[in-house]
Amino acid sequence: MSNQIPATASARLLADVGGTNARFAWAAGPGAPITDVRVLPCADHARLQDAIRVYLDGLGRGVPELVAIAIANPITGDQVRMTNHVWQFSQTAVKAEFGFKHWRLLNDFTALALALPDLSAHELRQVGGGVAEPGVAMGLVGAGTGLGVSGLIPDGRGGWAPLEGEGGHVTLPAASARERLVMDGLVRRYGHASAERVASGQGLVDTCAILCEADGVAAHGLESAGEVSEAGLSAGHPQALEALSIFCATLGSVAGNLALTLGARGGVYVGGGIVPRLGGWFDQSPFRARFEEKGRFKAFLSAVPVWVITAQQSPALMGAARALEHIR
């Protein structure tokens with residue numbers, strides 16, 4: 001990169017790093033369009049730094065002064081060890097290696113939350129509820145490799161403050177005999193049955209396997225979330241379809257809990273990779289009923305709109321860009 005023309009002072013590198021892929025993008029300045037998106041498989045690169053270098057070398061614009069990276073991991077200090085991949089790094093060391101002037105590392109769902117105000121109507125599909133109340137809290141959940149939970153609350157200055165937490169690891173809210181059967185099976189496997197143990201890709205596989213075992217049915221060919229979804233929705237496999245229903249019910253319970261906790265009259269958004277692939281079936285699933293089944297607060301929740309995020313471009317990249325907007 002030493003022979004490349006230095007990037008302009010306002011240019012920024014953006015990234016959305018998951019357990020499988022790292023998405024990189026470029027923005028020429030604050031508020032500029034997100035361009036040059038490139039997806040790099042994490043397994044092809046020994047370190048995050050190597051993936052960054054491949055992207056910047058391929059772009060040929062030098063090293064920008066500003067970088068914001070959304071990563072599927074809690075951020076608790078300088079040292080980062082990814083939960084769902086082998087990458088580990090020191091934030092200080094990465095910043096020094098490239099000479100970045102401004103570095104921002106944030107949880108991927110915190111970044112996604114920052115993007116919520118920028119999503120347009122065509123990037124959303126409403127699933128029940130009424131009209132969102134402006135200027136109040138919004139919730140965010142999303143199932144993929146794990147279960148992400150976040151939200152936005154007003155910052156008192158006309159903007160928004162994102163929530164950083166690990167709400168996907170709350171205890172599983174089992175509400176039926178079959179769900180308790182699944183919960184018991186997960187406790188035997190993992191010691192603690194969190195919501196993520198059901199409402200995630202691996203959770204969908206585990207739930208289906210536990211149901212098959214309880215019913216004396218072989219679980220052959222049901223070893224990925226995609227295979228379970230295909231078996232349930234296309235082939236009518238009873239246990240796979242029930243696993244999908246429990247997945248959606250659990251997600252609905254978690255989303256409803258979040259809406260009550262935040263007072264999210266601004267609505268709840270559903271992201272992640274799994275729900276958008278379920279299409280219209282999700283809208284008729286147990287999700288909405290479980291979202292609202294909160295006893296005396298059913299009427300409150302029935303008015304809260306829920307939207308499935310259907311944006312083609314990674315909203316986390318939009319959130320990463322927003323995290324740098326105060327730097328000109």
Side-chain angles (χ1 to χ4, degrees), residues 18-19 72-74 76 82-85 107-109 139-151 163-219 222-229 231-232 237-262 268 270-275 278 282 285-295 301:
N73 217 70
T76 57
M82 290 188 66
T83 304
N84 295 313
H85 190 59
N107 174 268
D108 61 337
F109 261 74
L140 170 66
V141 298
T145 304
L147 175 60
V149 177
S150 185
L163 301 178
E164 298 189 47
E166 292 296 328
H169 299 283
V170 299
T171 300
L172 179 66
S176 69
R178 291 286 273 185
E179 289 180 16
R180 285 188 285 274
L181 181 149
V182 170
M183 185 175 186
D184 289 343
L186 291 169
V187 169
R188 288 193 300 271
R189 290 183 179 209
Y190 301 113
H192 173 242
S194 67
E196 182 176 278
R197 293 297 189 189
V198 168
S200 65
Q202 185 59 47
L204 193 54
V205 174
D206 286 344
T207 298
C208 186
I210 291 169
L211 293 172
C212 286
E213 181 183 5
D215 296 344
V217 175
L222 300 171
E223 298 174 357
S224 71
E227 289 173 344
V228 173
S229 299
H237 188 290
Q239 287 77 21
L241 192 58
E242 186 179 5
L244 283 166
S245 293
I246 292 175
F247 167 95
C248 293
T250 299
L251 192 62
S253 288
V254 171
N257 289 345
L258 180 64
L260 288 178
T261 301
L262 298 182
V268 174
V270 179
I274 296 177
V275 170
L278 298 179
F282 177 79
S285 77
F287 172 86
R288 185 73 209 192
R290 284 285 286 274
F291 178 83
E292 297 180 7
E293 285 175 5
K294 303 295 182 185
L301 287 171

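For the single chain, residues carry numbers from 1 onward in sequence order.
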**OP:** Could you tell me the separation between the CZ atom of Phe109 and the CG atom of Asn73, rounded to the nearest 0.5 Å?
**Re:** 13.5 Å
Original post:
So, for Lys294 and Leu301, which heavy atoms are closest and what is the spacing to 0.1 Å?
Top reply: CG-CD1, 3.1 Å
Original post:
Partners of Arg180 by salt bridge (Lys or Arg N to Asp or Glu O under 4.0 Å), sequence neighbours excluded?
Top reply: none
Original post:
To the nearest 0.5 Å, what is the distance between CG (Leu278) and OG (Ser229)?
Top reply: 5.5 Å
Subject >> N/O donor-acceptor pair under 3.5 Å between Ser285 side chain and Ser245 backbone >> reply: no
Original post:
Looking at side-chain heavy atoms only, is the closest gap between Leu172 and Arg197 below 4.5 Å?
Top reply: no
Original post:
Between Leu262 and Leu163, does a side chain to side chain contact (heavy atoms under 4.5 Å, CB included) hold up when you go through it step by step?
Top reply: CA-CA 10 Å; Leu262 298 182; Leu163 301 178; 3.4 Å; yes
Original post:
Which pair of heavy atoms, one from His192 and one from His169, lies closest together, and at what distance?
Top reply: CE1-O, 3.4 Å
**OP:** Hey, could you give me the CD/CD distance between Gln239 and Glu213, rounded to the nearest 0.5 Å?
**Re:** 12.0 Å
**OP:** Evaluate the side chain to side chain contact (heavy atoms under 4.5 Å, CB included) criterion for residues Phe287 and Val275: first the C-alpha distance (whole Å), next the side-chain angles of each, then the deciding distance (0.1 Å), finally the verdict.
**Re:** CA-CA 11 Å; Phe287 172 86; Val275 170; over 6 Å; no
Subject >> For the student: nearest non-hydrogen atoms of Cys208 and Leu222, plus distance >> reply: SG-CD1, 3.7 Å
Original post:
How far apart are the closest heavy atoms of His85 and Gly19, and which atoms are they?
Top reply: ND1-O, 3.7 Å
Subject >> Side-chain touch Cys212/His237, heavy atoms, less than 4.5 angstrom >> reply: yes
Please tabulate, for side-chain N and O atoms in residues 246-255, each donor-acceptor pair with protein atoms closer than 3.5 Å (sequence neighbours left out).
unit_1	atom_1	unit_2	atom_2	d
Thr250	OG1	Ile246	O	2.9
Ser253	OG	Ala249	O	3.4
Ser253	OG	Arg290	NE	2.9
Ser253	OG	Arg290	NH2	3.1

**OP:** Please report the closest heavy-atom contact between Leu204 and Ala225, naming both atoms and the distance.
**Re:** CD2-O, 3.9 Å
Original post:
Got Asp206 and Tyr190 here, is their nearest side-chain heavy-atom distance under 4.5 Å?
Top reply: yes
Original post:
Can you name the closest pair of heavy atoms from Leu186 and Ala193 and give their distance?
Top reply: CB-CB, 3.9 Å
Original post:
Taking Glu196 for the side chain and Leu147 for the main chain, is one N or O donor matched with an acceptor at less than 3.5 Å?
Top reply: yes
Original post:
From Glu179 CD over to Glu242 CD, what is the distance, rounded to the nearest 0.5 angstrom?
Top reply: 9.0 Å
Original post:
How long is the span from the CD atom in Glu166 to the OG1 atom in Thr83, to the nearest 0.5 Å?
Top reply: 7.5 Å
